[in-house]
**Q** 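Structure below; questions to follow.
Chain letters run A, B, ... following the sequence lines, proteins first, then strands; residues in each count from 1.
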Amino acid sequence: MHLKKFGFLGRVASFLVLALWTSLASAGGLNGVGLKVGMVLDKGGKDDKSFNASAYSGANRAKDELKIQYKYVEATDDNAFEPLLRSFAQKDFDLIIGVGFAQAEAMAKVSKAFPNKLFAIVDSDVKGANVRSLMFEEHEGSFLMGAVAALKSKSGKIGFIGGMAIPLIKRFEMGFEAGVKHVNPKATVTSNFVGVTADSWNNPPKAKELALGQFNNGVDVIFQAAGASGSGVFDAAEEKKKFAIGVDSNQNWMKPGVILTSMMKRVDISVYETIKEVAAARNAEGKLPADFNKTFAGLKRFGLKNSGVDYALDSHNQKEMSADVKKKIDDLKGQITSGKIKVPDFYTAKAGKK
Amino acid sequence: MNLDSLLDFSSAVLRGMTPILFAALGGYLSERSGVINIALEGMMLIGSFFGVLAALSFHGSGAPWMGFLAAGVAGGIFAALYGLFVIRYRANQIVAGTAMNLLAAGLTPFFCKIVFDSTGNTPSLPLEDRFQYFPMFLSFGLAFGLHWMSRQTPMGLWISFAGENPAALATAGIRVNRLRTWAVIASGVLAGWGGASLSICLSSSFSRNMTAGRGFMALAALIFGKWRPLPAMGACLFFAISDTVQMRLQGVPVFGGQPIPVEFIQMIPYVATMLILAGWVGQSRAPKSLGLPFHQG
């Protein structure tokens, strides 16, 4: 050991630090020490300023506050999910988190193969005795965005740009349109989608082109749910001096004055809470109670009620979100959480039609 | 359709075809000289990253121009590496090209992480540091320039011969492999510009894999255009038109106020391409020695 160099005092100091460390860890009920969490991010990567970035920051918070050990990987294509999840499970990781609906199938397979490990998936409902599904009520948040758009629009023409026309994005769209119509029944919503392949989430030039087309047709506010492509929508709004609305993370800072607000999907909270629950349930030896799976597995919903989705308000959009707009939005939020307004949900609406 | 929407439509078409046209012209130079270039996609990616990098560093002092310059240089260097593999060491061109694409897909986030501490995207360029129209004019100019070169200059003839019958060209005293190397490097410069036009003209930052298959579309346009610059430009125009039609028809109410489901609209470019390929184009003949390394005697 190099401690010799520091002599007796050094040893005392290091002992004290160590003692303090362990006592803090046990006193705070933080049995996170030694808990190993693996996270598989979706193709956007941890710096997409959006969905994956949020999951990443949640896990980082757990690392800082709960002292867990944590590793993440970024998948580069859809075929990579299964081997990545599997490799975490084969090693000594206790909890494996998959971010994004695209991992659902891989997650179902791998979780079955490793019944002794815990799994969590964001944005999809995977059944399994050891799987927790973290789902967000995107339609509720989108409804508020629709209300903001309708309040700020002068032309009564409002746009929506999604990445792909998949159920998840349709859910955003449906909630958004309901919010627009709630505030201004005469307003129209034009919906566009970037593409049909996974590239759609990473194609800002095309998203920008769609946005320019909408702006040229008189649209003056666009809500985007298109991952990293969304920056193209912001560029178009900046050029045409119109408004855009951000998604997933708080994107207000990206173009202050252009971005009205962002619909935040608090993936970070859902990830952090999940890790925390597991950490809290561990005893001193790092073992989980035998029936922990029962409390862990299942579907957890995050909506306006538990701040799982929300709208972003900060110094960048104070001017755009004036007091009266904010008041109206908060009022609507209260009506949704109290159940007075029922926001149409694409998932259940589809099932109802059958 | 009034004048405004016609203007909107045609400028959207021009914007959409610019990056593909650059890459297709690059592909023209490389493939006409006998080197298959499926690495266009990777070269575009390299160009789009280094273009933004230079434009960000030269903020306020000719940023977009420096960006374009850097994109060309970076694309050229990257292409030179490809040339080294396939011309000097005679690696299989499909395999090496695929490797270059993978390399570019990995290198760009890697560099991005080093410089900007983010694997996803770069900070965005302010409006005054971006191009508005220049890349479009440049790409059209280049298409006509290359057409003229292929018809009127010895260089054009040499390039064709390098791809058709390199042995004959060698007997005439031209160094085939050197010519091919320069053609590949030039293709990298052009593809790099295509990438830069994506990142510093059509959008404002680099994001991972932002070329989204445009390099392969360029290759398709080249084959579609029978390995000639102007027909390839026509093919790019066709791709851009069908894509713009697709984009502008999304959500437009027809027949009693109901829009056509977006899934059908989004099929338009694919269906149109299939119809044209099956019906009109006829046989597209590749240069005879395309993909065959030349052993200089």
**Q** If you look at every heavy atom in B:Ala104 and B:Ile46, which pair is closest and at what distance?
**A**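 Here B:Ala104 and B:Ile46 meet closest at CB-CG1, 3.9 Å.
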**Q** Can you tell if the side chain of A:Phe176 reaches within under 4.5 Å of the side chain of A:Met263, non-hydrogen atoms only?
**A**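 No, their side chains stay 4.5 Å or more apart.
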**Q** What part of B:Asp4 gets closer than 4.5 Å to chain A, counting heavy atoms only: side chain, backbone, both or neither?
**A** neither
**Q** Pick from B:Ser118, B:Pro261, B:Pro123, B:Gly16: which one has the most heavy-atom pairs with chain A under 4.5 Å?
**A** B:Ser118
**Q** Give a yes or no on whether a salt bridge exists between A:Asp220 and A:Lys157, defined as a side-chain N under 4.0 angstrom from a carboxylate O.
**A** no
**Q** Kindly give the heavy-atom pair with the smallest separation between A:Lys206 and B:Arg214, and that separation in Å.
**A**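 Taking every non-hydrogen atom into account, N-NH2, 4.1 Å.
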**Q** Tell me, out of A:Asn192, A:Leu212, A:Thr197, A:Asn217, who's got the most heavy-atom pairs with chain B below 4.5 Å.
**A**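 Of A:Asn192, A:Leu212, A:Thr197, A:Asn217, A:Asn192 has the most heavy-atom pairs under 4.5 Å with chain B.
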**Q** At a 4.5 Å cut-off on heavy atoms, which part of B:Ser48 comes close to chain A: side chain, backbone, both, or neither?
**A** neither
**Q** Heavy-atom cut-off 4.5 Å, strictly under: side chain, backbone, both or neither for B:Ser124 against chain A?
**A** side chain
**Q** Considering only heavy atoms and a distance below 4.5 Å, find which of A:Val189, A:Leu210, A:Asn52, A:Thr190 pairs most often with chain B.
**A**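 Highest number of pairs under 4.5 Å: A:Leu210.
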**Q** Under 4.5 Å from any heavy atom of chain B, what part of A:Lys255 do you find: side chain, backbone, both or neither?
**A** side chain
**Q** So which residue, A:Gly213, A:Ala198, A:Gly232, ends up with the most heavy-atom pairs under 4.5 Å with chain B?
**A**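 Looking at each of A:Gly213, A:Ala198, A:Gly232 in turn, A:Gly213 comes out on top.
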**Q** Would you please test B:Gln246 and B:Asp243 for side chain to side chain donor-acceptor pair (under 3.5 Å) and show each step?
**A** CA-CA 5 Å; B:Gln246 176 266 118; B:Asp243 200 36; 2.9 Å; yes
**Q** Which answer fits A:Glu74, side chain, backbone, both or neither, if we ask what part of it has an atom under 4.5 Å from a heavy atom of chain B?
**A** side chain
**Q** When the ring planes of B:Phe49 and B:Phe116 are compared, do they come out parallel, tilted or perpendicular, using 30° and 60° as the limits?
**A**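 Answer is perpendicular, since the angle exceeds 60°.
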**Q** Do you know which of A:Ser200, A:Gly195, A:Pro205, A:Ser191 has the most heavy-atom pairs with chain B at a distance under 4.5 angstrom?
**A**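 Most heavy-atom pairs within the cutoff with chain B belong to A:Pro205.
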**Q** So for B:Arg248, is it side chain, backbone, both, or neither that comes closer than 4.5 Å to the heavy atoms of chain A?
**A**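 Just its side chain gets close to chain A.
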**Q** Using non-hydrogen atoms and a 4.5 Å limit, figure out which bit of B:Cys201 sits close to chain A: side chain, backbone, both or neither.
**A**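 For B:Cys201, the backbone is the part near chain A, not the side chain.
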**Q** What part of A:Asn202 gets closer than 4.5 Å to chain B, counting heavy atoms only: side chain, backbone, both or neither?
**A** both
**Q** Could you tell me if A:Asn203 and A:Ser229 have a donor-acceptor pair between their side chains, going purely by distance under 3.5 Å?
**A** no
**Q** For the pair B:Trp193 and B:Phe68, name the ring-plane relationship: parallel under 30°, tilted 30 to 60°, perpendicular over 60°.
**A** parallel
**Q** Quick test of your reading of the model: are A:Glu320 and A:Lys152 salt-bridged, counting only N-O distances below 4.0 Å?
**A** no
**Q** Taking side chain as everything from C-beta outward and backbone as N, CA, C, O, which of these in A:Val194 sits under 4.5 Å from a heavy atom of chain B? Side chain, backbone, both or neither.
**A** backbone
